[in-house]
K.L.:
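Handing you a structure now.
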Amino acid sequence: MTHITNASALHERKAADAELVAGIPKRDFRLSMANLFIAFAALLLGGIAGLLQGFVRSGFLELPSWISYYALLTAHGVLLVLVLSSFFSIGYLYAGTSRVLGGLAPKTIAFGWTGFGLMALGTAIAAFFILSGDANVLYTFYTPMQANPWFYVGLALLVVGILLNCAGMFITYQSWRKRNPGQLTPLFAFFANAVFVLWVLASLFIAVFVVGMVIPWAFGWAPTIDPMIGRTMFWAFGHTLVNIWMLTSISAWYVSMPKIIGGKIFSDSLARVAVVILVVANVPGGFHHQILDPGLSVELKFLHVIQTFMIIFPSLMTAFAMLATMERAGRSKGVTSLLGWWKVLPWSDARFFALIVAMFAFIPAGLGGIINASNQVNQVVHNSIWVTGHLHLTVGTTVMLTFFGVSYWLIPFLTGRAMTKTLNKLAIAQTIIWASGMLLMSGAMHANGLLGSPRRTANTTYNNHSEASGWAMYETIMAMGGVVLFIGILLLIYIWVQLAFFAPNGKTEFPIGEDYNEKDRSPLFMDRWSIWVTLAFLSIAIAYVIPLWNFSTGHNPGSPPFLMP
């Protein structure tokens, strides 16, 4: 097996110091489980907020005076888009890295727990001010909308905690490389390191924005703030964040899915090239969220569209690799017909079923992303609820279903339990329920967006305007989808609790695929992250130096704060 080297020997050395749980040190298990616990708690709370949002927007519910629709919107976005995804990714990537590299370094554990504490504290602070009605600034927290300054302090703590986890991952990664000179890093660890590199690149922007600009402004130390700089800094972070989760998800597609279906990894080198392209070309893609913004020249927008489209290539590479992996797995089982391999895939295995449905969702999600990033077509859908539908296809469907599928082996792997036949059937049902709910919700959002329905708004008839009356049916369907999704959340929480505490004891593997062809292995220079980080900074400089310089040279007098209801 080419993706696990010296793991058993290192495990034996560690066993003297730390009891092993499911093949990884107990201290690594505890850190991963703590992160996963927060992730699933955020899923439940964020799901409740989203359900209430759907009822309010469709006109089925009127909120009491003590809570605002925009507080629910902010809670839904922050808890699911920031908190859930970040905690789950860290828990999953730390566990997988411990599995393939033979355990996390002691300093990584220290950094990880410190980061976890700061992230949890930051989440609690931010959530308190959201629920108290003092932070109705939506997931994007665009300035000049202003929240209580301590809300931003909470966000800053969350980001600092993520950066500490990044440092922890880099320590284990470099420690393994020093112990194994001349060996290629296991593919899962390569994915994990890439995710944390992207997190650092994204966090640099949001740290400068929140700590350097927003917190002084929110405390009243600065009278005004430049909204254009704020939007630009946010989307350098926000767009990259989405692709951090996508990269986390496709790590399971490339590395674990082949093992689950009884095949092998199609191409180690293709996977690493796709990862490198995502890291190098990713951050400038944030500008496609600003195609209609003032202050950016047509020439710059054209450049940014080209840079955004570079991300299409690793997506197409991934689609090809996944189909090739599944076909070869079928051929290895004796299938000779053109599409017969499709029938022998393990459709009754919830681990595979959740991943394949996530891959199906990525097809329309990717096509929608091309539309959003196209200069002319974007003007049709920009700031409509179409964009919200796109987000629910990418993050809400592709990423979440992959995370759910990962949970079906990750939780029992960590807890030393087994996925029973009953739980497996429930997990398949959960996947169908979740996909159905998202089909209703996201489909209605896309259609309504084409009719002009705006996003980020509560229920309104716009003074009984005839155009707005045409949105009502789709908003009802959105609310129906929200109900189905919440049922899916409750079922997932039940499965998670069973796998964590009550399922029978057993040995569950963390599926790590083998290479299809040893000769296909990547050259060692692929592990030279100094090359890829340098290219990423060059790509970022090409995109951001000119517009940020123009924004900072006094074109905008700045804006005083605006408080949302």
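Positions are given from 1 along the sequence.
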K.L.:
What closest approach, in Å, do Ala95 and Leu414 show between heavy atoms, and which atom pair accounts for it?
P.N.:
CB-CD2, 4.1 Å
K.L.:
Examine Phe188 together with Phe510 and report whether their ring centres are nearer than 6.0 Å.
P.N.:
yes
K.L.:
A side-chain contact here means heavy atoms from C-beta on lying under 4.5 Å apart; do Asn165 and Tyr94 qualify?
P.N.:
yes
K.L.:
So, applying ring-ring contact (aromatic ring centres under 6.0 Å, His included) with Phe287, which one of Phe302, Trp235, Tyr544 is it?
P.N.:
Tyr544
K.L.:
How far does CE of Met480 sit from CG of Leu440, to the nearest 0.5 angstrom?
P.N.:
6.0 Å
K.L.:
Would you confirm whether the ring centroid of Phe196 sits within less than 6.0 angstrom of the ring centroid of Trp529?
P.N.:
no
K.L.:
State, to 0.1 Å, how close Trp409 and Thr508 come at their nearest heavy-atom pair, and which atoms those are.
P.N.:
O-CG2, 3.7 Å
K.L.:
How long is the gap from CD1 on Ile260 to CG on Leu345, to the nearest 0.5 Å?
P.N.:
12.0 Å
K.L.:
Check the side chains of Thr422 and Thr420 for a donor-acceptor pair under 3.5 angstrom, ignoring hydrogens and angles.
P.N.:
no
K.L.:
In the structure I gave you, are the side-chain heavy atoms of Leu187 and Val100 within less than 4.5 Å of one another anywhere?
P.N.:
no
K.L.:
Evaluate the side-chain proximity of Thr232 to Pro547: yes if any heavy-atom separation is below 4.5 Å, no if none is.
P.N.:
no
K.L.:
Please report the closest heavy-atom contact between Arg417 and Ala500, naming both atoms and the distance.
P.N.:
NE-O, 3.4 Å
K.L.:
CD1 of Ile540 to OG1 of Thr240: how many Å apart, nearest 0.5 Å?
P.N.:
7.0 Å
K.L.:
Please determine which of Asn180, Leu101, Thr97 meets the side-chain contact (heavy atoms from CB on, under 4.5 Å) test together with Pro186.
P.N.:
Leu101
K.L.:
So, for His288 and His239, is the gap between ring centers shorter than 6.0 Å?
P.N.:
yes
K.L.:
Do Met257 and Met359 come close enough that some side-chain heavy atom pair is under 4.5 Å?
P.N.:
yes
K.L.:
Determine whether the aromatic ring centres of residues Tyr408 and Phe352 are separated by less than 6.0 angstrom.
P.N.:
no
K.L.:
Looking only at side-chain N and O atoms, does Arg456 offer a donor or acceptor that is under 3.5 Å from a partner on Asn383?
P.N.:
yes
K.L.:
Tell me yes or no: between the side chains of Trp386 and Asn448, is some donor less than 3.5 Å from an acceptor?
P.N.:
no
K.L.:
Does any non-hydrogen side-chain atom of Thr415 lie less than 4.5 Å from one of Met33?
P.N.:
yes
K.L.:
After noting the C-alpha distance and the side-chain angles of Glu327 and Trp342, does the key distance pass the side chain to side chain contact (heavy atoms under 4.5 Å, CB included) rule?
P.N.:
CA-CA 7 Å; Glu327 180 178 5; Trp342 194 253; over 6 Å; no
K.L.:
Please tell me if the side chains of Ile261 and Met326 come closer than 4.5 Å, counting only heavy atoms from C-beta onward.
P.N.:
yes
K.L.:
Are side-chain heavy atoms of His289 and Phe234 found at a separation under 4.5 Å?
P.N.:
no
K.L.:
Show the nearest heavy-atom pair for residues Met419 and Ala427, with the distance to one decimal.
P.N.:
CE-CB, 3.6 Å
K.L.:
Can you see which heavy atom on Val395 is nearest to which on Val399, and at what distance?
P.N.:
O-CB, 3.3 Å
K.L.:
Identify the residue among Thr172, Thr108, Asp28 that makes a side-chain hydrogen bond (donor to acceptor under 3.5 Å, both in side chains) with Ser98.
P.N.:
Asp28
K.L.:
Decide if atom CZ of Phe170 counts as having more than 12 heavy atoms of other residues, nucleotides or ligands within a radius under 6.0 Å.
P.N.:
yes
K.L.:
Answer yes if the ring centres of Phe205 and Phe237 are under 6.0 angstrom apart, and no otherwise.
P.N.:
no
K.L.:
Does any donor atom in the side chain of Ser407 or Tyr92 lie under 3.5 Å from an acceptor atom in the other side chain?
P.N.:
no
K.L.:
Using distance alone, with no hydrogens and no angle criterion, decide if Trp253 and Thr402 have a side-chain donor and acceptor under 3.5 Å apart.
P.N.:
yes
K.L.:
Nearest heavy-atom pair of Ser85 and Met400: which atoms, and what distance?
P.N.:
OG-CE, 4.0 Å
K.L.:
Does Arg328 qualify as a cation-pi partner of Phe266, given the criterion of NZ or CZ under 6.0 Å from the six-membered ring centre and within 45 degrees of its axis?
P.N.:
no
